[in-house]
Amino acid sequence: MTNAEIAKLLRNVAAAMTILNDREYHFQLVAYEKAADIISASAEQVTDLVREGKLADVKGIGEIMRGHLTELVTKGKVKHFETFLKKIPAAVFPLLDVPSIGPKRAYKLVTELHLSKPETVIADLKKKLTSEKLTIERFGETSQQALIRALEEFGKGAGKTTRMLLPFADKIAMQLTDYLKKIPEVHQAEALGSLRRRVFTVGDIDIAVASNEPEKVIAHFVQYPYKSRVIEQGPNTASLLTSGGQQVDLMVQPIEGFGSLLQHFTGSKHHNVHLRDLALRKKLSLSEYGIKRLDKKSEVREKYKTEEEFYNAMGLEWVPPEMREDRGEIELAEKHSLPHLVELKDIKGDLHTHSSYPIEPSHDLGLTSMEDMLKKAEQLGYEYLGFSEHNPSVSQHTERQIFSILQKRDEHIEHIKSNIKSVRVIKLLEIDILANGSLSVDDKSLSLLDAGIVSIHSSFGMSKEKMTQRILAGLSHPKVKILAHPTGRLFGSRESYDVDWDTLFDFCKTHNKALEINAWPERTDLPDTLIQEAIKHGVKMVIDTDSHEVSHMDLMQYGVYNARRGWAEKKDILNTLGYNEFAKWLKGGE
DNA sequence: GCCGTTTTCGGCCCGACTGTTTTCAGTCG
């Protein structure tokens with residue numbers, strides 16, 4: 001069972017509890033939803049955590065839930081879950097994925113309209129709504145029309161089911177904030193939510209505006225030319241769907257309270273819930289409007305112009321948005337001991353780049369010449385640039401031919417090195433680890449390189465044990481220093497392969513190997529949660545772009561964001577070192 | 001069902017908007 005399936009199951013149980021509407025379940029279902037959120041966000045598979053007995057380390061999943069999940073993994077289902085699920089018609093659950101349909105409405109629709117087939121319930125409901133005149137309590141004409149639209153949009157894949165990659169979301173948010181700033185009533189416009197936390201995929205786009213004339217701002221917003229429709233509109237907030245199908249939520253607040261608004265809508269939800277829980281213990285109540293003192297009976301809220309003031313008023317250090325996931329950052333902020341996160345300006349070089357040099361690889365070749373990439377590196381202020389084209393294809397060449405190709409690349413690099421002096425060139429190669437753990441180039445060819453970067457590009461479906469052994473075998477060569485895109489995941493098309501991370505981390509730590517944080521947006525690999533784990537194990541990392549074209553080199557920022565989400569500091573990232581130190585590490589042994 | 005510098009028992013974030021009523025339930029973030 002995948003994490004997504006387990007999370008969905010827990011959400012269904014929570015929905016069943018909601019429908020049963022028994023006070024007894026009220027807080028239980030919150031716990032189920034929280035567990036579902038934690039599991040969806042986890043980079044480790046729950047099935048693995050259960051088998052390895054590591055579920056106890058996960059905060060938010062207690063003894064009872066651990067028992068349920070163990071039963072789920074070993075027996076395929078959970079008796080306790082079934083007692084809830086069987087009380088609710090199965091056709092209710094698919095409807096929960098449709099925005100605006102929650103447990104209560106789904107149950108009402110299914111029972112009153114006698115929808116019995118879960119496989120076709122969405123189509124059946126739409127058909128009933130469009131073909132008949134229905135009278136359902138609390139579902140008037142307007143509600144029914146809204147439902148039809150929601151079902152149609154859901155069918156097209158709009159709304160919360162599709163997430164977009166961060167750079168794309170950045171672009172849309174930029175267009176919106178630029179549009180908003182066209183009227184003078186807008187003092188400040190910022191994109192918040194998961195986008196500001198720099199999550200690698202973004203669901204909907206949240207924008208906050210500081211203004212003392214909210215009506216004018218809302219009126220301007222709902223006139224956005226590239227919208228398909230306005231979802232809702234109130235005095236201080238509004239939501240619309242862009243013509244591309246992305247939801248944009250707008251909040252407006254007076255300038256003097258903008259700090260509280262920024263904080264609130266940056267989230268994450270779990271961070272905010274934890275923060276408010278902490279506040280309650282201090283007899284304070286937090287909201288997007290500021291902080292209310294509960295011991296005094298007054299309704300006066302203290303307002304905060306900046307986020308720093310807001311966090312400080314809580315006795316906390318300001319928390320970088322990337323860390324706001326309730327993974328222990330609030331505890332550290334209380335002690336004023338948050339890590340000092342790595343920044344883009346700390347990066348001194350990029351190691352994983354593919355030039356257009358004709359290396360005859362089995363995978364893709366880059367599109368930009370080495371010279372142009374070096375010029376770009378110079379503009380970016382780098383001290384060094386590593387070329388790491390894929391190894392020449394093994395099936396098309398003999399070992400001798402591979403050596404000859406690499407020798408020529410070597411001569412070419414030596415030639416251009418004499419022209420460009422400000423950026424040092426590092427001779428690397430992205431080397432496949434074959435299914436049996438061997439490298440796709442031999443020792444003689446490896447001797448031409450400064451170091452090797454290894455990665456997996458085939459046979460992804462191996463068992464966890466075999467894959468782990470395969471990777472360790474590949475990394476074992478003394479010339480190999482870096483494992484590229486360690487999980488192999490590709491957003492929207494490929495799940496991670498199975499690896500025993502503790503074993504891999506320990507190996508890297510012992511043998512002085514680095515893991516890559518690949519900045520390519522579809523990859524974003526290592527994922528943030530594994531970066532955090534790697535750091536706990538004392539493993540060093542490098543942040544690379546995996547550029548195949550000169551403009552890709554600008555994507556380094558996205559790798560840095562992801563590293564920050566994993567709490568990486570400058571000392572954890574090796575390509576923050578100057579050339580001499582980095583080269584020393586590259587040549588160094590274990 | 002979870003969790004602990006008020007607590008191993010007794011708490012559990014806070015507010016906006018919509019639609020349908022006329023004071024609120026449901027959904028969302």
Side-chain angles (χ1 to χ4, degrees), chain A residues 10 13-15 17-19 21 23-38 56 58-69 80-81 84 95-96 98-109 135-147 150 159-160 192-194 197 203-208 214 218 230-239 247-253 260-261 263-292 294-295 301 315 326 330-331 334-335:
Chain A
L10 293 179
V13 176
M17 289 175 177
T18 310
I19 293 163
N21 203 20
R23 276 196 153 171
E24 194 191 330
Y25 305 137
H26 180 67
F27 292 107
Q28 261 188 68
L29 73 89
V30 175
Y32 273 70
E33 281 168 352
K34 189 174 178 191
D37 288 345
I38 291 166
V58 182
K59 213 181 74 177
I61 294 179
E63 205 180 326
I64 299 170
M65 189 63 81
R66 195 158 70 236
H68 290 329
L69 293 174
H80 185 67
F81 293 176
F84 287 100
L95 286 180
L96 301 176
V98 181
S100 83
I101 303 185
K104 304 263 178 88
R105 278 161 49 104
Y107 182 70
K108 187 155 202 166
L109 290 167
T135 47
I136 319 166
E137 194 196 357
R138 297 196 71 89
F139 281 91
E141 177 62 23
T142 318
S143 289
Q144 293 193 26
Q145 288 310 315
L147 265 182
K160 64 178 177 184
L192 309 178
S194 51
R197 298 200 311 280
D204 43 27
I205 291 174
D206 299 306
I207 294 178
I218 299 284
V230 176
I231 298 170
E232 61 181 31
Q233 181 179 353
N236 294 300
T237 68
S239 298
Q247 184 169 335
V248 184
D249 298 334
L250 176 74
M251 292 54 77
V252 190
Q253 269 224 12
S260 319
L261 184 67
Q263 197 288 320
H264 175 76
F265 279 102
T266 297
S268 68
K269 186 180 159 190
H270 294 307
H271 177 85
N272 284 356
V273 169
H274 189 158
L275 214 55
R276 285 168 188 202
D277 185 53
L278 188 76
L280 280 181
R281 287 173 213 188
K282 296 182 179 179
K283 303 278 182 228
L284 302 170
S285 170
L286 307 187
S287 80
E288 58 265 51
Y289 299 105
I291 301 179
K292 210 160 42 179
L294 295 172
D295 45 6
R301 284 197 185 91
D326 194 22
I330 292 175
E331 291 84 345
E334 275 186 285
K335 291 185 264 177

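In this text, all values refer to a predicted model and were calculated from it rather than measured experimentally.
Taking the six-membered ring for Trp and the full ring otherwise, A:F81 and A:Y32 have centroids separated by under 6.0 Å.
Rounded to whole angstrom, the span from the CD atom of A:Q28 across to the P atom of B:dC2 amounts to 9 Å. Taking atom NZ of A:K335 as the reference point, atom C1' of B:dT5 lies 12 Å away to the nearest angstrom. In this structure, A:L147 atom CG and B:dT20 atom C1' are separated by 14 Å, rounded to whole Å. Atoms CD1 (A:I291) and C1' (B:dG15) sit 16 Å apart, rounded to a whole Å. Put simply, CZ on A:R23 is 17 Å from P on B:dG10, counting in whole angstrom units. Taking atom NZ of residue A:K108 and atom P of nucleotide B:dG19, one finds them 17 Å apart after rounding to whole Å.
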Show your reasoning for whether salt bridge (charged side-chain N to carboxylate O under 4.0 Å, His left out) applies to A:R281 and A:E334. CA-CA 14 Å; A:R281 287 173 213 188; A:E334 275 186 285; over 6 Å; no
What does the list of N/O pairs under 3.5 Å between the protein and nucleotides 22-26 of chain B look like, with a distance for each?
unit_1, atom_1, unit_2, atom_2, d
B:dG26, OP2, A:K104, NZ, 2.9

Please tabulate, one pair per line, each protein N/O and nucleotide N/O from nucleotides 16-18 of chain B that are separated by under 3.5 Å, including the distance.
unit_1, atom_1, unit_2, atom_2, d
B:dA16, OP1, A:Y289, OH, 3.0
B:dA16, O3', A:T237, OG1, 3.3
B:dC17, OP1, A:P235, N, 3.3
B:dC17, OP1, A:N236, N, 3.4
B:dC17, OP1, A:T237, N, 3.4
B:dC17, OP1, A:T237, OG1, 3.1
B:dT18, OP1, A:Q233, N, 2.7
B:dT18, OP1, A:Q233, O, 2.9
B:dT18, OP2, A:Q233, O, 3.3

Can you tabulate the close N/O pairs, meaning under 3.5 Å, that link protein atoms to atoms of nucleotides 11-13 of chain B?
unit_1, atom_1, unit_2, atom_2, d
B:dC13, O2, A:R276, NH1, 2.6

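The 5' end of DNA chain B is approached more closely, in terms of each residue's nearest nucleotide, by A:H80 than by the other of A:K283 and A:H80. Nearest-nucleotide positions on DNA chain B place A:A31 closer to the 5' end than the other of A:A31 and A:F139.
On the P atoms, B:dC13 is 14 Å away from B:dG4, given to the nearest whole Å.
If you check every strand for non-hydrogen atoms under 4.0 Å, A:G193 touches nothing.
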